Amino acid sequence: MPEAPPPITVEEHLARILAAVRPLPAYQQPLMEALGLAAAESVVSPIALPPFDNSAMDGYAVHRADVEGAGPEAPVELPVVGEISAGNAQLLALSPGTTAKIMTGAPVPTGADAVVPYEWTDHGVARVRIDKAPTAGQHVRRAGEDVAVGDLLVEEGTVLGPRHLGLLASVGRSTIAVRPRPRVVILSTGTELREPGTALGHDSIYDGNSYLLAAAARRAGALAYRVGIVPDQPRAFLDALEDQLVRADVVVTSGGVSMGDHDVVKEALAPLGTVWFGPVAMQPGKPQGFGTVGEDDTLIFTLPGNPVSSYLSFELFVLPALRTMMGLAPVSRPEVSMRLTHAITSPPGRRQFLRATTEAGHGRVTPVGGPGSHLVGDLATADALVVVPEDVTALPAGAEVGVIHLDSGLEGGH
Ligand SMILES: Nc1nc2c(c(=O)[nH]1)N[C@H]1C(S)=C(S)[C@@H](COP(=O)(O)OP(=O)(O)OC[C@H]3O[C@@H](n4cnc5c(N)ncnc54)[C@H](O)[C@@H]3O)O[C@H]1N2
Ligand code: MOO
């Protein structure tokens, strides 16, 4: 059996991954597809907003000079020569000494320079009594007062949210250039695995990882295809992989990469020579693999099977790759500084990632559960990871530690 290579650091592994990953080519996509993605173009407005002077109130369009001085004691009466509603504007100009009913959003006719709201009138149909004079331009929304032709609406790189998409639609854009969501195929390996919802044998467990990884991929903004369970047979694994490559930008496998007698992923892929396998100096998540497979050199991440190891590997290595492909920055979750509520110990030589809970606003972090990489109950309770450096073996309560929040800190994607 060949000797395992010496461990590489977390940074070395991530650097190797990022060196191999390119942003996916951007193309025009319908606005709703772009939600959560980074704009791959800057957009300037092709039209003004509002596109024309229009009324801010339901009321009467007037020449303001005609109603000057109007008050309860000195009302002004004007003939009503027409009605202008939004989307149905026949009356284009208003003669002095007349008025027209106008609805909110309807174009203000040429000549009119103010709108008298219904509340200041007797609601007249043929003639109207006006009890209060508007100021110049009152209740008229001016063309271009919001957005001018040529205004920068969205800068390249902006993560598109509902307000950006609403603005783009408002100026008539139906598409915007964004990088597509990476298609991520998730394959769980393990003869012991069963699909949730089916019966469990005396020696089987449910396949939690493919759900964990598919959900994490989707939350990162990718399109996740959960293939399900592949038994520990290299042929079956290679067949399943081959079948899936057509719809994958990235393949993520779980399990079958350590030192066991049935480590199917390693056994099937190592002979190709295109996937690196080796230990990374971290815990959980020591056995890792990364490389390319298939005619199109599709990226593949072979993550360890222990659920916590799998999830952490996703967060530290797969997530940055997906965000790079989507043109989102930063690619990694930020590490912030917090104080430990409890003392901890840690074995030397590997960077430890302890599951932990954080108290919002207090800057304190509390490790939960033990270091075991099978502890999915504790993983679900946690909302953060405490990062213990390779050379640190003990830290007292109150010590400052690096913390990675697992549910926040990154914009875009989903
Ligand atoms: N002799 C050695 N044994 C192991 C080493 C080692 O260095 N020398 N490393 C250990 C570490 S660390 C890890 S992590 C695991 C990684 O093993 P594999 O990637 O080969 O994963 P499996 O053996 O297939 O499974 C490990 C564990 O996880 C459970 N599992 C697997 N897939 C799923 C899934 N989809 N859902 C839920 N649970 C899953 C599986 O049943 C095992 O219990 O190797 C150690 N061993
Ligand atoms: O790395 Mo294993 O991931 O230590 O359990």
Side-chain angles (χ1 to χ4, degrees), residues 23-62 82-94 100-118 134 136-183 218 220-223 249 322-329 410-414:
L24 295 174
Y27 62 90
Q28 292 287 328
Q29 297 195 46
L31 293 186
M32 286 309 292
E33 300 302 314
L35 179 64
L37 300 181
E41 61 171 326
S42 291
V43 179
V44 296
S45 188
I47 63 169
L49 288 182
F52 44 82
D53 291 356
N54 69 93
S55 178
M57 290 285 202
D58 299 320
Y60 298 84
V62 294
E83 177 174 333
I84 314 163
S85 53
N88 190 5
Q90 314 293 349
L91 186 73
L92 301 178
L94 188 75
K101 273 195 180 184
I102 190 164
M103 301 303 126
T104 304
V108 173
T110 307
D113 55 3
V115 170
V116 181
Y118 273 156
Q138 196 172 4
H139 305 311
V140 175
R141 305 189 289 208
R142 289 286 168 211
E145 73 176 18
D146 183 9
V147 172
V149 174
D151 273 2
L152 178 63
L153 302 181
V154 164
E155 209 172 337
E156 185 173 351
T158 304
V159 174
L160 297 164
R163 294 185 297 281
H164 302 112
L165 298 180
L167 177 58
L168 290 168
S170 300
V171 301
R173 286 289 297 251
S174 60
T175 64
I176 181 167
V178 285
R179 297 176 201 290
R181 297 176 183 277
R183 298 161 304 159
R218 188 184 292 179
L223 300 173
D249 296 306
L322 298 180
R323 288 181 64 83
T324 301
M325 293 170 114
M326 286 185 280
L328 294 168
L410 287 180
E411 204 194 353
H414 39 91

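The structure presented is a predicted model; accordingly, all values stated were derived computationally and were not measured.
- Counting all heavy atoms, side chain and backbone alike, Gln29 lies closest to Pro180 at NE2-CA, 3.4 Å.
- With respect to Pro134, the side chain to side chain contact (heavy atoms under 4.5 Å, CB included) criterion is satisfied by exactly one of Val115, Val140, Val62: Val62.
- Heavy-atom minimum distance, Gly166 versus Ser170: O-OG, 2.7 Å.
- For the pair Arg179 (side chain) and Leu24 (backbone), a donor-acceptor distance under 3.5 Å is present.
- Nearest heavy-atom pair across Gly137 and Ala114 is N-CB, 4.2 Å.
- Summarising the geometry of Gly144 relative to Ala48, their closest heavy-atom pair is CA-CB, 3.9 Å, with the distance given to 0.1 Å.
- Across every non-hydrogen atom of Leu322 and Ala222, the tightest pair is CD1-CB, 4.1 Å.
- The structure places CG of Leu49 at 7.0 Å from CG of Leu167, a figure rounded to the nearest 0.5 Å.
- Listed by chain and number, the residues in a side-chain contact (heavy atoms from CB on, under 4.5 Å) with Leu37 are Val178, Arg181, Met326 (sequence neighbours excluded).
- Within the 4.5 Å cutoff, side-chain heavy atoms of Glu145 are placed close to those of Pro50.
- Looking at Pro109 and Ile102, their side chains come closer than 4.5 Å, going by heavy atoms from C-beta outward.
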Q: Could you walk me through whether Val108 and His139 pass side-chain contact (heavy atoms from CB on, under 4.5 Å), step by step?
A: CA-CA 10 Å; Val108 173; His139 305 311; over 6 Å; no
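- Within 6.0 Å of CZ on Arg218 lie no more than 12 heavy atoms contributed by other residues, nucleotides or ligands.
- Taking each heavy atom of Asp53 and Ala143 in turn, the nearest pair found is OD1-N, 2.8 Å.
- Here Met103 contributes atom CE and Ile84 contributes atom CD1; the two are 9.0 Å apart, rounded to the nearest 0.5 Å.
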Residues 147-163 side chain polar contacts: donor-acceptor under 3.5 Å, at least two apart:
unit_1: Asp151; atom_1: OD2; unit_2: Ala148; atom_2: N; d: 2.9
unit_1: Thr158; atom_1: OG1; unit_2: Glu155; atom_2: N; d: 3.4
unit_1: Thr158; atom_1: OG1; unit_2: Glu155; atom_2: O; d: 2.5

Q: Go through Leu92 and Thr110 one step at a time and tell me if the side-chain contact (heavy atoms from CB on, under 4.5 Å) criterion holds.
A: CA-CA 6 Å; Leu92 301 178; Thr110 307; 5.6 Å; no
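- The CZ atom of Phe52 lies 13.5 Å from the CZ atom of Arg142; values are rounded to the nearest 0.5 Å.
- Contact check for Glu41 versus Ile176: side-chain heavy atoms found under the 4.5 Å cut-off.
- Legend: residues meeting side-chain hydrogen bond (donor to acceptor under 3.5 Å, both in side chains) with Asp113, ordered by chain and number and at least two apart, are absent.
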